[in-house]
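First listed ligand is number 1; within each ligand, the first listed atom is number 1. It should be emphasised that the depicted structure is a prediction, and the values quoted were computed from it without experimental measurement. Excluded from the calculations below are hydrogen atoms, water molecules and symmetry mates; all remaining heavy atoms, backbone and side chain alike, are included.
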Amino acid sequence: MTRFAPLQNDLLLRALLRQPVEATPVWLMRQAGRYLPEYRALRQRAGSFLALAKNPALATEVALQPLERYPLDAAILFSDILTIPDAMGLGLFFTEGEGPKFRHPLNDEKAVLALTPPDLAQLQYVFDAVTQTRAALGGRVPLIGFAGSPWTLACYMVEGGSSSDFNRVKMMLYQRPDLMHHLLATNASAVAAYLNAQIKAGAQAVMLFDTWGGILADGAYQRFSLGYMRQVIDQLQREQDGARIPIVIFTRGGGQWLEDIAASGADAIGLDWTVSLAQARRRVGQQVALQGNLDPAVLFTPAEVIRAEARKVLASFGQPESGFGHVFNLGHGIPPNVPPEAVSVLIEAVRENNSQTFV
Ligand code: CP3
């Protein structure tokens, strides 16, 4: 027996598994965040983004905020990909306007070799947020759990934060591939255990954010990013309470490797806006579902442009009768200064299309 209310809207899960749907499900990466005034208010009350993310009750409230405004077909856990390195002892903090930073980045060989997967008890606040969010949803829509890819985590862990060129992590990859493989194997075990704990806590689908896979050379991508995502997938629990748990891989800038990603064991590929859904479908066939891929910049344009561009994305995937498996999304996260009304226009445009093409 499951501990949670029955799911009333399972469009997302069916689309990710390429099962027939009566409408295209829609959710948006970073749907809970700074573009919402109610998010900014709650963050101010909590004191910081990390204070929000580390408090399961507040994280639950934030995850539900976009669902109060828009008829979305999924909720996503409110957390961050850098919780894992934080729990490994790197000391995550955020500085205003500069993004994430680590107090103890991996500066030398000794630091890399000393690294071990975190004690999952350190991440209990994340699993509690999953369970509380799932319960608060009351079966309205499924809850997506997530983690960073082993490679994307390594980028932040070695650089100590964001970077414009990722030179340090690339130097390590080229000069000390043995060390890099050690780091990635450690991250892969950590990510697999972390996602399995999210699934046990109530996540109904999981997504791997490979934000920096696209900076790698062809060949290096397969060895240093995709290979370790595959290791994660191989270790994941694929079913919980009798339901299959779909897995989505999102490699930003991964358009040239779609065939490889489709063969990884993932159920769906998240696409940025640089590849058309039509082309992606021709290349991967019925192997995987596709999630995406409107350019987030469209959200800064007038309503009629947003509607037209949303329709283009839907038309690019094609008509439902020619095969299912599309989840409408952006090609990357919602930028922090998007007007909330633009998101309403977008979601309505996707719904409108549903009433016209699904009969
Ligand atoms: O999509 C959602 O609504 C779920 C929440 C979510 C957050 N981070 C919350 C967050 C998710 C899925 C993430 C993933 C994440 N975090 C990624 C991968 C996704 C991607 O964008 O490609 C990455 C690279 C990170 C690391 C990270 N966390 C960065 C680079 C930043 C700074 C961003 C910025 O604009 O300053 C964060 C902070 C962060 N994570 C915020 C949110 C809502 C903003 C914090 C704030 O200022 O309130």
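Salt-bridge formation is detected for the pair Asp267/Arg238: a Lys NZ or Arg NE/NH1/NH2 atom is positioned less than 4.0 Å from an Asp or Glu carboxylate oxygen. The pair Glu352-Arg307 does not meet the salt-bridge criterion, since no charged nitrogen lies less than 4.0 angstrom from a carboxylate oxygen. A salt bridge links Glu309 with Lys312: the distance from a Lys NZ or Arg NE/NH1/NH2 to an Asp or Glu carboxylate oxygen falls below 4.0 Å. At a threshold of 4.0 Å, the pair Glu304-Arg311 does not count as salt-bridged, since none of the basic side-chain nitrogens sits closer than that to a carboxylate oxygen. Contact check on Asp80 versus Lys54 returns no salt bridge, with no Lys/Arg side-chain nitrogen under 4.0 Å from an Asp/Glu carboxylate oxygen.
Contact annotation: His332 has at least one heavy atom less than 4.0 Å from an atom of ligand 1. Distances from ligand 1 to the non-hydrogen atoms of Pro100 include at least one value under 4.0 Å.
Among the atoms of Gln31, some N or O lies under 3.5 angstrom from an N or O of ligand 1. Checked against a 3.5 angstrom limit, the closest N/O atoms of Trp212 and ligand 1 fall outside it.
Interface of Phe209 with ligand 1, defined as ligand atoms under 4.0 Å from a residue heavy atom, comprises 12 (C), 18 (C), 19 (C). Contact atoms of ligand 1 toward Tyr39: 43 (C), 45 (C), 46 (C), 48 (O) (distance under 4.0 Å to a heavy atom of the residue). Against a heavy-atom cut-off of under 4.0 Å, Phe78 is close to the following atoms of ligand 1: 43 (C). Residue contact check: Thr211 has heavy atoms under 4.0 Å from atoms 18 (C), 19 (C), 20 (C), 22 (O), 24 (C) of ligand 1. Atom numbering of ligand 1 starts at 1 in the shown order; those under 4.0 Å from a heavy atom of Tyr156 are 24 (C), 30 (C). Shown in contact with Ile76 at under 4.0 Å from a heavy atom are these atoms of ligand 1, numbered in order with element: 1 (O), 2 (C), 3 (O), 4 (C).
Nearest to atom 1 (O) of ligand 1 among the protein's heavy atoms is Arg30 N, 2.6 Å. Atom 42 (C) of ligand 1 has Phe49 CE1, 3.6 Å as its closest protein atom, hydrogens excluded (heavy atom only). Scanning all protein heavy atoms for the shortest distance to atom 4 (C) of ligand 1 gives Leu77 O, 3.5 Å. Protein heavy atom closest to atom 11 (C) of ligand 1, with residue, atom name and distance, is Phe146 CZ, 3.6 Å. Nearest to atom 34 (C) of ligand 1 among the protein's heavy atoms is Arg34 NH2, 2.8 Å. Annotation: atom 16 (N) of ligand 1 to nearest protein heavy atom, Asp80 OD1, 3.0 Å. Nearest protein neighbour of atom 25 (C) of ligand 1, counting heavy atoms only, is Ile81 CG1, 3.6 Å. The nearest heavy-atom contact from the protein to atom 46 (C) of ligand 1 is Arg43 NH1, 2.9 Å.
The aromatic rings of Phe49 and Phe78 sit perpendicular, their planes meeting at an angle over 60°, well past the 30° parallel limit. Ring orientation note: the planes of Tyr70 and Tyr35 are close to parallel, at an angle under 30° on the 30°/60° scale.
The residue Arg252 has no part lying near ligand 1, judged by heavy-atom distances below 4.0 Å. Contact annotation: for Ser79 versus ligand 1, heavy atoms closer than 4.0 Å belong to the backbone alone.
By the 6.0 Å and 45° rule, Arg281 stacks over the aromatic ring of Phe317.
Not counting sequence neighbours, Ser189 has no partner by the side-chain hydrogen bond (donor to acceptor under 3.5 Å, both in side chains) test.
Leu216 and Leu258 fall within the same hydrophobic cluster, defined by Ile, Leu, Val, Met, Phe, Trp and Tyr side-chain heavy atoms under 4.5 Å apart, directly or through other members.
Atom-to-atom distance recorded for Arg103:CZ and Asp86:CG is 8.5 Å, nearest 0.5 angstrom.
Sorted by first and then second residue, the pairs that involve residues 171-196 and meet salt bridge (charged side-chain N to carboxylate O under 4.0 Å, His left out), not counting sequence neighbours, are Glu109-Arg176, Arg176-Asp178.
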